[in-house]
Q: 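Shown below is the structure under consideration.
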Amino acid sequence: MRKIAIIGSGISGLSAAQCLKNTCDVTVYEKNDKPGGLIKCSNVDGNLYHIVGGHVFNSKRTEVLDFFWSFFNQEQEFTKAMRDARIIIAKENKKEYDIVGYPIEDHAYQLDEKIQRDFIRDLIYVCRNQPNHTPENFEEFLKLNFGETLYKLYFKPYNEKIWKRNLANVPLSWLEGKLPMPSIEEIIQNNFLRKQERNMVHSSFFYAKRNGSQFIADRLASGLNIKYNTVIRSITRKDKKWIVNETDSFDELVYTGNIKELKSILNGDINITAYVEDIDNLEYHGTTSVLCYIDQIPYSWVYMPDRNFSSHRIICTGNFSKNNNAGDRLSVTIEFTDFKSREEIDKELKLIPFNPQYITHTYTEFTYPIQKKDTKGMIRNLKNTLCSEGFHLVGRFAEWEYYNMDSAMGAAMDLAKLPSFHNQ
């Protein structure tokens, strides 16, 4: 039985460990005192606090669904909800807002009449020109699929809040599997029929009745050999073995941490010097997540493209499960890209609709990996170099991919199928 080390007990590490534990001797190393990584939650004054994001589960991959539900009782432990997201669109006076359905292209009928007319002209233009043009970047993709009006009103300001860069510099490779691609016919039909978009992975979702995504992490961690509170100081390649922290020896190693840390911990008979500069130049953003009380609203997510406030979305986790709230007040997480001080947060909350009231906040440095045109190719080459030595990268910041929870599970499951894990 091959000995496998897995670095990190986020969703990627836990999924890989569960896939391998029956055929391999698996040890998981975790620097914190509990599992979860980016899906960790805590309890603050009786409110469930998603420290990064508001993680829910669904998948279009049958294999991922089967894997997930093998650990849980769907009816007893989870609720199923339809996504009820909204977009706040500022009126001309910038003091009042319209609340429009999401995705915006299917709810253009809810917009101002002039905007509707401009959008119709855009669709006519797109129908005539789309077949003759191939977009080369994110900006061109959005304009070519949705037109100038919605691009300026929503797509440009919202995405620039998150990514803090010119969308013309975001490569199309970033989009793979991350956005619904409606046809013009579908957009028109959905507006005529007032039909909700149901092709998105999370147009419906499952959510744990208690403890949210922490419940998922805790369950996936059960039955595993996890060494908590263990910081990885060194990983050394010696005599075709991987030595962790100079003591524990393994045949294969799965790394789900941040690849920016590799150059300081990777030693011995392995050389990634050719990749160090590219890894150092990888860009990213962090997230300031603010737990708040707000007025009672029925939504699941609220997106805020308006530049009057720098937050980009409200995640209404208090509506995902009634057990997430202390008493009758609705708790939510309001997200800001990058660091915000308490003073900045207090000023911003006064601008945001629904009267948010501060409870607590957390800044997480690494949440949004940013890809450039050559990022995927570089990571692919690095993975191939390391894989040949029995060192495997999987996870959001190990692969520099903006994975959601089910994508991370799927990537870990695919990795666990490699023959090298099962060769005696």
Q: Measure the spacing between CG of L253 and CD1 of I4 and express it to the nearest 0.5 Å.
A: 8.5 Å
Q: Could you tell me whether a side-chain N or O of N211 sits under 3.5 Å from a main-chain N or O of Q214, the two making a donor and an acceptor?
A: no
Q: Indicate yes or no for a side-chain donor-acceptor contact from T367 to the backbone of H285 under 3.5 Å, with no hydrogens or angles considered.
A: yes
Q: Roughly how far, to the nearest 0.5 Å, is the CD atom of E283 from the CH2 atom of W163?
A: 11.5 Å
Q: Any chance you could lay out the salt bridge (charged side-chain N to carboxylate O under 4.0 Å, His left out) test for R396 and E401, step after step, and finish with the verdict?
A: CA-CA 5 Å; R396 182 181 285 201; E401 278 281 357; over 6 Å; no
Q: Taking the six-membered ring for Trp and the single ring otherwise, decide whether the centroids of F72 and F215 are under 6.0 Å apart.
A: yes
Q: Under the 3.5 angstrom rule, does the side chain of W400 hit a backbone N or O of L282 as a donor-acceptor pair?
A: no
Q: Donor-acceptor pair, distance only, cut-off 3.5 Å: does the side chain of D338 make one with the backbone of G286?
A: yes
Q: How far does CD1 of I11 sit from OG of S15, to the nearest 0.5 angstrom?
A: 4.5 Å
Q: Do side-chain atoms of K161 reach the backbone of D306 as a donor and acceptor pair under 3.5 angstrom?
A: yes
Q: Between Y154 and N159, does a side-chain hydrogen bond (donor to acceptor under 3.5 Å, both in side chains) hold up when you go through it step by step?
A: CA-CA 8 Å; Y154 171 70; N159 282 285; over 6 Å; no
Q: For N47 and N325, indicate whether the former's side chain and the latter's backbone hold a donor-acceptor pair under 3.5 Å.
A: no
Q: Working to the nearest 0.5 angstrom, can you tell me the gap between I294 CD1 and C292 SG?
A: 8.5 Å
Q: Tell me the side chain to side chain donor-acceptor pair (under 3.5 Å) pairs involving residues 266-280, sequence neighbours left out?
A: K263-D280, N271-T273, Y275-T385
Q: Taking the six-membered ring of W301 as reference, does the cationic atom of R86 (NZ for Lys, CZ for Arg) lie under 6.0 Å from its centre and within 45° of its axis?
A: no
Q: Please confirm whether the ring centroid of F155 lies under 6.0 Å from the ring centroid of Y151.
A: no
Q: Can you check side chain to side chain contact (heavy atoms under 4.5 Å, CB included) on M409 and S59, steps first, answer last?
A: CA-CA 10 Å; M409 284 183 185; S59 181; over 6 Å; no
Q: Can we say E63 and K417 salt-bridge, meaning some charged N sits less than 4.0 Å from an Asp/Glu carboxylate O?
A: yes
Q: Tell me whether the guanidinium CZ or amine NZ of R342 lies under 6.0 angstrom from the six-membered ring centre of Y358 and within 45° of its axis.
A: yes
Q: Is the NZ or CZ atom of R194 positioned over Y109's six-membered ring, under 6.0 angstrom from the centre and within 45° of the axis?
A: yes
Q: side-chain contact (heavy atoms from CB on, under 4.5 Å) with I235: which of I265, I270, I243?
A: I265
Q: Heavy atoms, side chains only, cut-off 4.5 Å: are V26 and L224 in contact?
A: no
Q: With a 4.0 Å cut-off, would you call R237 and D239 a salt bridge?
A: no
Q: Are any of the side-chain heavy atoms of D45 and I359 separated by less than 4.5 Å?
A: yes
Q: Check A217 against L14 and note the closest heavy-atom contact, atom names and distance.
A: O-CD1, 3.6 Å
Q: Below 6.0 angstrom between ring centroids: does that apply to Y368 and Y284?
A: no
Q: So, the side chain of S12 versus the backbone of A412: is there a donor-acceptor pair under 3.5 Å, distance only?
A: no
Q: Does D251 come within less than 4.0 Å of K241, counting only side-chain N to carboxylate O?
A: yes
Q: I want to know whether F78 and F68 have ring centres closer than 6.0 Å.
A: yes
Q: Looking only at heavy atoms, which two atoms of A221 and Y228 are closest? And how far apart?
A: CB-OH, 4.0 Å
Q: Quick one: do D414 and R61 make a salt bridge, cutoff under 4.0 Å?
A: yes
Q: Do you know the tightest heavy-atom contact between G212 and L48?
A: N-CD2, 3.5 Å
Q: Quick one: pull up CG in L262 and CG in L393 and give me the separation to the nearest 0.5 Å.
A: 6.5 Å
Q: Under 4.0 Å between a side-chain nitrogen and a carboxylate oxygen: does that hold for E30 and K227?
A: no
Q: Look only at the side chain of N245 and the backbone of S234, and say whether a donor-acceptor pair between them is shorter than 3.5 Å.
A: yes
Q: Taking NZ, NE, NH1 and NH2 as the nitrogens, is one of them in E160 or K156 under 4.0 Å from a carboxylate oxygen of the other?
A: yes
Q: Taking the six-membered ring of Y293 as reference, does the NZ or CZ atom of R329 fall below 6.0 Å from its centre and within a 45° cone about the axis?
A: yes
Q: Can any side-chain N or O of D406 pair as donor or acceptor with the backbone N or O of F57 at less than 3.5 Å?
A: no
Q: Heavy-atom count check: over 12 atoms from other residues, nucleotides or ligands less than 6.0 Å from K152 NZ?
A: no
Q: Taking atom OH as the centre, does Y125 end up with more than 12 heavy-atom neighbours from other residues, nucleotides or ligands that are less than 6.0 angstrom away?
A: no
Q: Taking the ring of F205 and the ring of F320, is the distance between their centroids below 6.0 Å?
A: yes
Q: Got a donor-acceptor contact below 3.5 angstrom from the Q74 side chain to the K80 backbone?
A: no
Q: Can you see whether D122 engages T149 through a side-chain donor-acceptor pair at a distance of less than 3.5 angstrom?
A: yes
Q: To the nearest 0.5 Å, how far apart are CZ in F354 and CD1 in I297?
A: 4.5 Å
Q: How are the rings of H392 and F421 set to each other: parallel, tilted or perpendicular (split at 30° and 60°)?
A: tilted
Q: Is a salt bridge present between E77 and K209, judged by a nitrogen-to-oxygen distance below 4.0 Å?
A: no
Q: Is it the case that atom CZ in R210 sees more than 12 heavy atoms from other parts of the structure closer than 6.0 Å?
A: no
Q: Quick one: are the ring centres of W242 and Y255 less than 6.0 Å apart?
A: no
Q: Any salt bridge between K3 and E252, counting N to O under 4.0 Å?
A: no
Q: Check the surroundings of atom CD in Q357: do more than 12 heavy atoms from other residues, nucleotides or ligands lie under 6.0 Å from it?
A: yes
